[in-house]
Every structure is written in C-alpha cells, then in structure tokens.
Q: 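My structure is below; once you've seen it, I'll send some questions.
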Amino acid sequence: MTTTQEAQHAALVEALAIRGLLSPEWRKVWERVPRDAFVPPVVWRQGAERCELVTTATEWRQLVYSDEPVVTQVDDGAIDGPGVATCSNSKPSMVAGMLQLLDVQGGDKVLEIGTGTGHVAALLSERLGDDHVVSVEIDPTLARQARERLAAAGYSPTVVTGDGEQGCRQAAPYNRLISTCAIRHVPYELVRQVRPGGMLVTPLARDFWSGAVVQLAVQDGRASGPIRGGASYMPMRSHRTPDGPPVQATGRATDTGLDPRRLLNLGFAMYAGARLPGVSMIHAEKGGTVEVWLMDQTGSGACCEPDEQAWQFGERDLWREIEKVYAEYEALGSPSSDDFGLTVTARGQEVWLTHPGRVIVSA
Ligand SMILES: C[S@@+](CC[C@H](N)C(=O)[O-])C[C@H]1O[C@@H](n2cnc3c(N)ncnc32)[C@H](O)[C@@H]1O
C-alpha cells in the first residue's frame with residue numbers, strides 16, 4: 001500500500017470505530033487487513049437498476065476506501081448478462097456489524113459461507129489464526145482467486161469450493177458459523193454443524209422487501225435468536241427468488257385508506273414476509289412521491305401512490321391482503337424488526353415475536 005492508501009484505509013477503519021462497530025480486538029484486525037488487497041482491478045458500482053462498470057483508477061480507489069459494497073462479479077461471470085451483482089466485497093459497516101454479532105472468542109473455529117473476495121476470511125484468520133477458519137465458495141473461479149489473494153496477503157485459511165448450503169461437514173463442528181450470502185431459510189444441516197453453545201449469524205433474504213440479519217444461539221439441537229437489524233446481501237445461489245410472470249395487464253381501481261409509505265419499514269417487512277410468503281414489495285421514488293408495488297409468483301400485483309386509489313391486477317386482491325396484514329401488524333403494536341426472531345429445529349423454521357414461545361409463522 002502507498003502512504004495515501006494507508007491513510008485512506010486508516011480513515012475507513014476509524015470511521016467504523018467511531019460508529020461503535022469495532023471492539024478493540026476487531027479494530028486491531030481491521031487495521032492489519034487492507035481491504036484493497038481483496039478487491040480485483042475490474043469492479044462495478046451497485047446502481048439502482050443494474051451494476052455500472054468502474055472505469056477509472058480514481059473511482060476504484062474512492063469506492064474501495066468508502067463504506068460501500070464493491071461488486072466484483074456480475075451475472076455469475078457471464079458476459080453480456082443483465083448486470084446483476086453475484087459477488088461483492090461487502091459494505092464494510094455491514095461486515096463489521098456481522099462480525100461483532102458472531103462474538104468470536106480466541107480458539108474458536110469458524111465456518112464462513114460465501115468466500116467471495118476472501119476479505120472476511122482474512123479478517124477471521126487475522127483474529128483467530130488460519131487453522132481456525134474454513135470458508136466455502138460455490139464459484140470455482142472466485143474460490144481460486146480468493147485463495148490467491150489470501151496467500152498474497154499472508155493468510156491460508158481453508159477455502160473449499162462447494163455448496164455452502166450443506167456447510168462443510170468434513171471440518172465440522174464449528175463454534176461459529178457466518179454466512180455472507182443471504183438465505184431464505186436456515187438449512188438444518190448448518191445448525192447440526194455448530195457446537196452446542198455456538199452461534200450462527202446470517203442475513204436472511206426476505207421475499208417481501210429487504211434483508212435482515214439473524215443471530216442464532218445453538219443449543220439442544222436448535223438454533224434460536226433475534227433479528228439484529230437490516231442487511232442487504234446477495235442471495236445464496238439456490239435461494240434466489242425466481243422472477244415471477246409479468247403482472248397481468250388489466251387493473252382494478254380500489255379505494256384505500258392505507259398510505260403506502262407506511263409499508264416501508266423493516267418491522268412490517270418481517271411481519272408481512274412471514275404472513276404473505278412469495279409476495280414481494282418494491283418501491284420507486286417518483287417525482288417527489290413514492291410508488292409501491294406488490295407482486296406474487298402467479299402474475300397478481302398491486303400498486304399505490306400516497307393519496308391515490310390503489311390498483312389491483314390478476315386473481316388476487318393483493319392490496320386488500322396487505323391492508324389486512326397491516327391492520328394485524330398495527331394490532332400487535334407495530335413491532336420493530338428487532339422484536340422478531342427465528343427458531344430453527346430439525347422440523348423446520350419458526351418466526352416469532354418478542355420471545356420464542358410466541359410463534360407467528362411456522363414453515
Ligand atoms: C457478498 S459475497 C461474499 C463476500 C465475501 N464474504 C468477501 O469477503 O468478499 C457472496 C458470495 O457468496 C457466494 N455464494 C452464493 N451461493 C453460495 C453457496 N451456495 N455456497 C457458497 N457460496 C455461495 C457467491 O458466489 C459470492 O461469492
């Protein structure tokens with residue numbers, strides 16, 4: 001690193017520390033592991049519609065030393081695809097927050113799912129030692145490049161090419177498991193590979209709106225714990241949401257008293273995601289206002305702008321359904337995302353509100 005790069009790296013770490021995202025131990029680790037060593041020369045910036053190629057060295061540096069995700073692969077490496085991010089060096093503040101939640105202790109053995117650029121594996125190796133870190137990456141090219149970058153930076157954790165949905169049984173059990181790709185449900189095989197008293201931290205890919213991180217304590221053959229804020233990670237390959245059919249063309253105007261802006265909070269997203277599986281919500285800023293769209297996997301949809309009628313399309317009355325679910329959510333006291341939690345057992349997964357005994361949805 002040049003002196004300027006060292007100063008920029010130090011400023012990034014300082015900014016994370018000021019936000020309370022680094023314990024003293026993690027601060028030392030971040031200081032020693034340069035992010036730029038794990039970012040390839042060809043990268044993209046995440047745009048609203050698609051990823052934009054970074055074309056200048058100045059822009060590259062600006063991105064790498066900022067609290068932004070750096071996209072390092074689009075379309076699983078295919079040329080001329082739609083420009084969807086499939087690998088990134090994640091946003092530093094999200095990584096720091098997830099590593100804090102992982103609560104590692106000296107001597108712990110950790111499994112990471114989603115090696116990506118190798119940056120998180122390097123941070124964990126610096127903190128715990130190479131022998132205590134196993135990382136699984138599904139994409140063979142990314143796995144090879146991560147191994148090369150890790151070696152060049154002086155780290156040699158075990159990087160396995162494989163499907164992390166199954167964890168990594170050959171090196172189990174682990175004290176901690178962190179997934180850096182988002183999962184729709186927690187496969188029980190992952191719980192099985194964590195020692196009793198261990199911890200599993202993962203982003204959840206919610207159909208409905210945006211992602212959330214869950215921190216699960218493993219004990220007595222189950223993993224249970226609260227949602228710990230929002231996080232937007234790219235989904236595990238087998239957990240991607242397939243594109244639904246286009247919304248059916250003819251709409252029905254529908255009077256509504258529900259301001260669509262009220263739907264845009266993570267607490268409601270947790271509740272609606274559990275109550276309306278398969279329904280997704282997107283929103284777009286539009287001329288100083290916001291338009292909210294709901295869609296399902298059968299071509300039903302609904303859209304609404306503030307102070308306007310809603311429009312419903314297809315067989316389902318999706319706006320009426322969301323009004324009902326919103327009324328239920330209000331009746332529960334409009335809980336925030338951190339009031340929700342998850343329990344995973346061999347029988348399946350339960351979303352709960354305030355404590356594990358108050359299950360709102362089993363799946
Ligand atoms: C956000 S990136 C991870 C960033 C990484 N932790 C780093 O430090 O750069 C998500 C990664 O998960 C990988 N991935 C997706 N599905 C996977 C799976 N089933 N098993 C293992 N890795 C997977 C993707 O190929 C991608 O590299």
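As the structure lists them, so they are numbered: ligands from 1, and atoms in each ligand from 1.
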Q: What protein heavy atom lies closest to atom 8 (O) of ligand 1? Include the residue and the distance to one decimal.
A: Val120 N, 3.0 Å

Q: What residue and atom, counting heavy atoms only, is the protein's closest point to atom 9 (O) of ligand 1, and at what distance?
A: Thr117 OG1, 2.6 Å

Q: Specify the protein heavy atom at minimum distance from atom 19 (N) of ligand 1: its residue, its atom name, and the distance to 0.1 Å.
A: Asp163 OD1, 2.8 Å

Q: Tell me: protein heavy atom nearest atom 15 (C) of ligand 1, and distance?
A: Arg237 N, 3.6 Å

Q: Taking atom types as modelled and ignoring hydrogens, do the side chains of Glu25 and Ser23 form a donor-acceptor contact shorter than 3.5 angstrom?
A: yes

Q: Which ligand 1 atoms, with their elements, are less than 4.0 angstrom from a heavy-atom of His119?
A: 8 (O)

Q: Distance to the ring centre below 6.0 angstrom and angle to the axis at most 45 degrees; does that hold for Arg127 and Trp26?
A: yes

Q: Nearest to atom 21 (C) of ligand 1 by heavy atom, Val70, Ile138, Val39: which?
A: Ile138

Q: Give the numbers and elements of all ligand 1 atoms closer than 4.0 Å to a heavy atom of Val136.
A: 21 (C), 22 (N)

Q: State the atoms of ligand 1, each with its element, that fall below the 4.0 Å cut-off from a heavy-atom position in Ser90.
A: 1 (C), 4 (C)

Q: Could you check which of Gly77, Gly114, Cys87, Gly164 puts a non-hydrogen atom nearest to atom 3 (C) of ligand 1?
A: Gly114

Q: Would you kindly say whether Thr254 and Gln312 are connected by a side-chain donor-acceptor distance under 3.5 Å?
A: yes

Q: Can you tell me the protein heavy atom closest to atom 25 (O) of ligand 1 and the distance?
A: Glu137 OE2, 2.6 Å

Q: Asp139 versus ligand 1: do any nitrogen or oxygen atoms come within less than 3.5 Å of each other?
A: no

Q: Do Trp60 and Tyr65 make the cut of ring centroids closer than 6.0 angstrom?
A: no

Q: Would you tell me which option among Thr161, Thr115, Asn89, Thr180 has the nearest heavy-atom contact to atom 7 (C) of ligand 1?
A: Thr115

Q: In terms of side-chain heavy atoms, does Gln46 have a donor or acceptor partner in Ser88 at a distance below 3.5 Å?
A: no

Q: Work out whether the distance between some heavy atom of His239 and some atom of ligand 1 is less than 4.0 Å.
A: no

Q: Would you mind running through ligand 1 and noting each atom that sits below 4.0 Å from a heavy atom of Leu142?
A: 25 (O), 27 (O)

Q: For a quick check under 3.5 Å, do Glu112 and Ser135 share a side-chain donor-acceptor pair by atom type?
A: yes

Q: Looking only at the side chains, is there a donor atom on one of Asp259 and Tyr326 sitting less than 3.5 Å from an acceptor on the other?
A: no

Q: Which ligand 1 atoms does Thr86 reach within 4.0 Å, using its non-hydrogen atoms?
A: 24 (C), 25 (O), 26 (C)

Q: Which of the numbered atoms in ligand 1 are below 4.0 angstrom from a heavy atom of Gly162?
A: 20 (N), 21 (C)

Q: Which residue holds the protein heavy atom closest to atom 6 (N) of ligand 1, what is that atom called, and what is the gap in Å?
A: Glu112 OE2, 2.8 Å

Q: Between the side chains of Glu165 and His239, is a donor N or O closer than 3.5 angstrom to an acceptor N or O?
A: yes

Q: Of all the non-hydrogen atoms in the protein, which one sits nearest to atom 4 (C) of ligand 1, and at what distance?
A: Ser88 O, 3.1 Å

Q: Regarding Asn89 and Thr117, is there a side-chain donor-to-acceptor distance under 3.5 Å anywhere?
A: yes

Q: Could you check whether Gln73 and Thr86, counting side-chain N and O atoms only, form a donor-acceptor pair closer than 3.5 Å?
A: yes

Q: Is it the case that the side chains of Gln8 and Arg35 hold a donor-acceptor pair, with the cut-off being a distance below 3.5 Å and no angle test?
A: no

